[in-house]
Amino acid sequence: MIISMRLHATKEEVANVCDRIKEFGYKVHSIEGEQRVVIGAVGVGDVTPCLESLEAMPGVEKAVRISAPYKFVSREFRSAKTEIEVAGAIIGRDEFVVMAGPCSVESEAQILESAEIVARAGAKLLRGGAFKPRTSPYDFQGLEIEGLKLLDKARRATGLGIITEVMSDRDVELVAEYADILQIGARNMQNFALLKTLGNCGRPVLLKRGMSSTVKELLMSAEYVVAHGNSQVMLCERGIRTFETVTRNTCDIVAVAVLSELTHLPVILDPSHATGKRSLVPALSRAAVAIGADGLLVEMHPAPEKAMSDGAQSLDPKQFAQMMKDLQPHIELWKRARMTQTAAAV
Ligand code: PEP
Ligand code: MN
């Protein structure tokens with residue numbers, strides 16, 4: 001349900017409505033706009049009795065059902081885009097945010113060098129996995145806590161924010177101590193125990209689309225995190241598995257535009273995992289800008305031929321700097337489009 005309060009409804013009226021919703025056993029999220037308060041309520045069972053009761057309460061303008069199965073993340077619930085403030089940037093507003101770095105944190109020298117390279121080229125966040133989800137148990141699994149400490153060192157050296165993956169609900173508290181954004185990998189998109197724990201991790205979350213997941217399933221997973229108390233969620237398209245094998249995954253580029261229609265959450269594109277080939281990363285990154293993504297998550301390695309994971313899809317320092325330069329005119333157009341959309345939404 002969405003409950004729109006009247007203009008200038010009193011604080012007491014808002015509080016009474018929230019209490020009534022809770023009496024029905026539903027969860028409450030409220031958004032305080034400049035003009036009015038909008039309250040969202042979700043729970044199990046038929047909402048009709050609750051709707052009818054709320055409509056009769058003082059201060060309520062209207063109460064309507066949210067028809068999408070994902071409630072708090074739907075555009076129906078919130079028309080304005082969610083903005084996520086992190087590392088001096090606001091994701092979801094008028095800045096195209098680039099997060100870049102190696103697939104895995106491998107050593108102090110490697111991550112510090114990576115951080116300097118991506119910062120110099122204009123990235124706002126450093127990526128790098130300390131806990132790695134690898135298909136083979138014999139492949140490099142990540143430096144774990146040591147990797148987190150090295151990421152922290154890189155942050156202090158460069159001022160970049162840190163985005164890194166958390167694979168288990170047991171590690172959420174630990175990773176949240178070191179990371180500015182918690183990355184949930186494609187393989188864990190439906191790890192519901194993990195998603196629930198993210199509800200009170202105190203950090204923004206980047207949720208990657210599962211390799212065999214639909215857009216709707218991605219939104220339902222995001223709903224878990226938001227319904228458990230954390231509204232700072234962004235989504236990431238990173239390619240899905242199809243019959244096509246010429247690229248590592250098939251990038252569902254239109255999913256970015258579809259998601260912008262269905263949800264207010266920011267959408268990031270990962271051109272590295274979506275293609276598996278560094279030669280394709282710049283073209284797909286341009287496409288991400290053109291289609292209105294909010295940013296990129298890109299793999300860059302100081303020496304890709306020596307990378308312990310995903311070297312083939314990692315840009316080298318020169319390629320990354322060149323791509324960032326080449327994206328600039330596209331980002332200028334993106335900014336103009338963003339400003340027009342923001343003006344239209346007000
Ligand atoms: C990664 O970002 O290195 C990664 C493992 O990505 P994904 O979960 O999309 O496969
Ligand atoms: Mn990777």
Side-chain angles (χ1 to χ4, degrees), residues 97-106 110-111 114 118 123 125-137 139-144 147-148 151 161-168 171 175 179-191 194-195 198 204-215 217-218 221-222 233-242 247-253 255-256 259 267-278 280-281 284-285 288 293 295-316 320:
V97 178
V98 176
M99 317 176 196
C103 179
S104 306
V105 181
E106 298 168 2
Q110 175 249 17
I111 200 66
S114 301
V118 302
L125 287 109
L126 173 69
R127 65 146 290 150
F131 292 89
K132 292 304 300 175
R134 304 304 302 278
T135 302
S136 165
D139 285 341
F140 177 58
Q141 304 284 308
L143 297 180
E144 304 190 338
L148 296 175
L151 285 167
I162 300 296
I163 173 166
T164 193
E165 179 161 354
V166 55
M167 284 168 50
S168 156
D171 296 327
V175 180
D180 297 285
I181 301 179
L182 299 186
Q183 175 178 327
I184 303 305
R187 290 155 191 81
N188 269 316
M189 188 202 85
Q190 287 189 316
N191 179 341
L194 175 58
L195 298 178
L198 297 169
V205 169
L206 177 139
L207 178 62
K208 286 190 149 195
R209 179 178 180 179
M211 58 189 79
S212 305
S213 299
T214 63
V215 162
E217 286 162 346
L218 172 60
S221 289
V233 179
M234 66 204 94
L235 306 171
C236 179
E237 166 63 37
R238 45 75 77 203
I240 50 175
R241 190 165 280 187
T242 68
T247 46
R248 179 176 179 182
N249 290 291
T250 298
C251 182
D252 185 6
I253 187 78
V256 176
L259 285 166
V267 183
I268 305 297
L269 191 107
D270 173 344
S272 310
H273 293 85
T275 58
K277 284 187 189 155
R278 77 172 65 86
L280 300 173
V281 168
L284 187 50
S285 299
L296 292 174
L297 180 68
V298 193
E299 288 184 342
M300 189 296 306
H301 194 287
E305 68 288 354
K306 294 191 192 141
M308 294 173 91
S309 58
D310 288 349
Q313 66 193 33
S314 300
L315 297 173
D316 71 22
F320 181 70

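Order of listing sets the numbers, starting from 1, for every ligand and every atom in it.
Not a single heavy atom of Arg209 sits under 4.0 Å from any atom of ligand 1. Not a single heavy atom of Gly129 sits closer than 4.0 Å to an atom of ligand 1. Within the 4.0 Å heavy-atom shell around ligand 1 one does not find Met211.
Of the possible polar contacts, none joining the Gln313 side chain to the Glu299 backbone as a donor-acceptor pair under 3.5 Å is found. The main-chain N or O of Pro102 is found under 3.5 Å from a side-chain atom of Arg127 such that the two form a donor-acceptor pair. The main-chain N or O of Cys103 is found under 3.5 Å from a side-chain atom of Lys132 such that the two form a donor-acceptor pair. The closest donor-acceptor contact from the side chain of Glu217 to the backbone of Met189 lies at 3.5 Å or more, if one exists at all.
Proximity of Leu280 to Leu284: side-chain heavy atoms (C-beta onward) are nowhere separated by under 4.5 Å.
When the Mn ion (ligand 2) is compared with the N/O/S atoms of Asp310, atom OD2 turns out nearest. Within Glu299, the N, O or S atom lying nearest to the Mn ion (ligand 2) carries the name OE2.
Atom numbering of ligand 1 starts at 1 in the shown order; those under 4.0 Å from a heavy atom of Arg187 are 7 (P), 8 (O), 10 (O).
At the top of the distance list for atom 4 (C) of ligand 1, counting protein heavy atoms only, stands His273 NE2, 3.4 Å. Looking only at protein heavy atoms, the nearest one to atom 8 (O) of ligand 1 is Ala186 N, 2.8 Å.
Of the candidates Arg248, Lys208, Lys132, Arg238, Lys208 brings a heavy atom nearest to atom 6 (O) of ligand 1.
Paired with Met99 under the rule side chain to side chain contact (heavy atoms under 4.5 Å, CB included), one option of Leu296, Leu206, Asp180 passes, and it is Leu206.
His273 and Asp310 share a donor-acceptor pair across their side chains, judged by distance under 3.5 Å alone.
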